[in-house]
2 protein chains.
Amino acid sequence: MKAWFKSIESDPENTVYALEKVLTELTVNEDGLIPVIAQDEHTKAVLMFAWMNRESLEETLQTGKMCYWSRSRKALWRKGESSGHWQTLKTLRTDCDGDVLLAEIEQDGAACHTMRRSCFYLKFEKDQVRVVSDLSS
Amino acid sequence: MKAWFKSIESDPENTVYALEKVLTELTVNEDGLIPVIAQDEHTKAVLMFAWMNRESLEETLQTGKMCYWSRSRKALWRKGESSGHWQTLKTLRTDCDGDVLLAEIEQDGAACHTMRRSCFYLKFEKDQVRVVSDLSS
């Protein structure tokens, strides 16, 4: 855990830090990427999980539209550019050790490439896994 | 994306797969780890983000208590063992490419080591980041 995040953890509510400082302190992996959890602003359902690099994070903050880093294509991935299923950023958070992002978004259409609303459509049961697209069930 | 996950993506609702098959097909990183999102069963707030290896995942499924892999201590991390803040697994899901887990849990006390309910207490604003412990604000 980075010393800076340790140093701020007892700071009171509404303490503010410069954006640039936090961006610099975020922990990225060996490929320069940080994981991102995308959650539906309204239902709070977790819709997808992806990765950002510094460039895609800055673009997301500037445009308000989610831009990830595609690890398979090794390119910026402007979600919705090909599908029309854009994601509008509503709130962005990071956690106590600055190694993951949580984005509340407004989702146009399906988050998942399978056209399901959420990517998390496989639900574990006792000795099997079941296709259950509705996260509230 | 693994061929097996691609092969099942058009399967209808309530299709079931053997647990062992899915566990084998999950994608882990070069350290044998898969990311895990822990979400409050009741409020749907995202509480924390951590990692599991195969052993901790199997223990979690067997005991119903969240057991992660601590990357810093390089050991099984039975959440709550030292803090008393246990996490009881309610539902577990994976996503369309099987490279992340989503656990709905019942959280005893605080998920975060800072004693906040959720680890995601740092909220981005236009040019700053603010301490906001309440995820609904």
Is any side-chain heavy atom of [Y] closer than 4.5 Å to one of [X]?
| X | Y | answer |
| --- | --- | --- |
| B:V46 | B:F120 | yes |
| B:W86 | B:M66 | no |
| B:W51 | B:R71 | yes |
| A:F124 | B:T91 | no |
| B:M48 | B:S118 | no |
| B:L135 | A:R93 | yes |
| B:F49 | A:F49 | yes |
| A:I105 | A:K90 | no |

Rounded distance [0.5 Å steps], [atom1] in [X] versus [atom2] in [Y]:
| X | Y | atom1 | atom2 | result |
| --- | --- | --- | --- | --- |
| A:D134 | A:Y121 | CG | OH | 15.5 Å |
| B:S72 | B:W77 | OG | CH2 | 8.0 Å |
| B:F5 | B:S7 | CZ | OG | 9.0 Å |

Any donor and acceptor pair, going by atom type alone, linking the side chain of B:R117 with main-chain N or O of B:S133 inside 3.5 Å?
no
Is a side-chain N or O of B:H85 found less than 3.5 angstrom from the main chain of B:A111, in a donor-acceptor match?
no
Which answer fits [X], side chain, backbone, both or neither, if we ask what part of it has an atom under 4.5 Å from a heavy atom of chain B?
| X | answer |
| --- | --- |
| A:K21 | neither |
| A:V129 | both |
| A:L23 | side chain |

side-chain contact (heavy atoms from CB on, under 4.5 Å) with A:H42: which residues, sequence neighbours excluded?
A:D40, A:E106
By number, which residues in residues 24-37 of chain A have some heavy atom less than 4.5 Å away from chain B?
A:E30, A:P35, A:I37
Under the criterion side-chain hydrogen bond (donor to acceptor under 3.5 Å, both in side chains), which of A:R78, A:Q107, A:K79 is the partner of A:Q87?
A:Q107
Any residue of residues 52-60 of chain B which, by heavy atoms, sits under 4.5 Å from chain A:
none
Among residues 9-17 of chain B, which residues come closer than 4.5 Å to chain A, judged by heavy atom distances?
B:E9, B:D11, B:P12, B:E13, B:N14, B:T15, B:V16, B:Y17
Of the listed B:R116, B:K44, B:K126, B:Q128, the one with the largest count of heavy-atom pairs under 4.5 Å with chain A is B:Q128
Is it the backbone or the side chain of B:T114 that comes under 4.5 Å from a heavy atom of chain A, or both, or neither?
side chain
Heavy-atom contact with chain A under 4.5 Å, split by part of B:V22
side chain
Scored by heavy-atom pairs under 4.5 Å with chain B, the best of A:D127, A:L61, A:D99, A:T43 is A:D127
Which atom names give the shortest non-hydrogen contact between A:Q39 and A:L102, and what distance separates them?
OE1-CD1, 3.9 Å
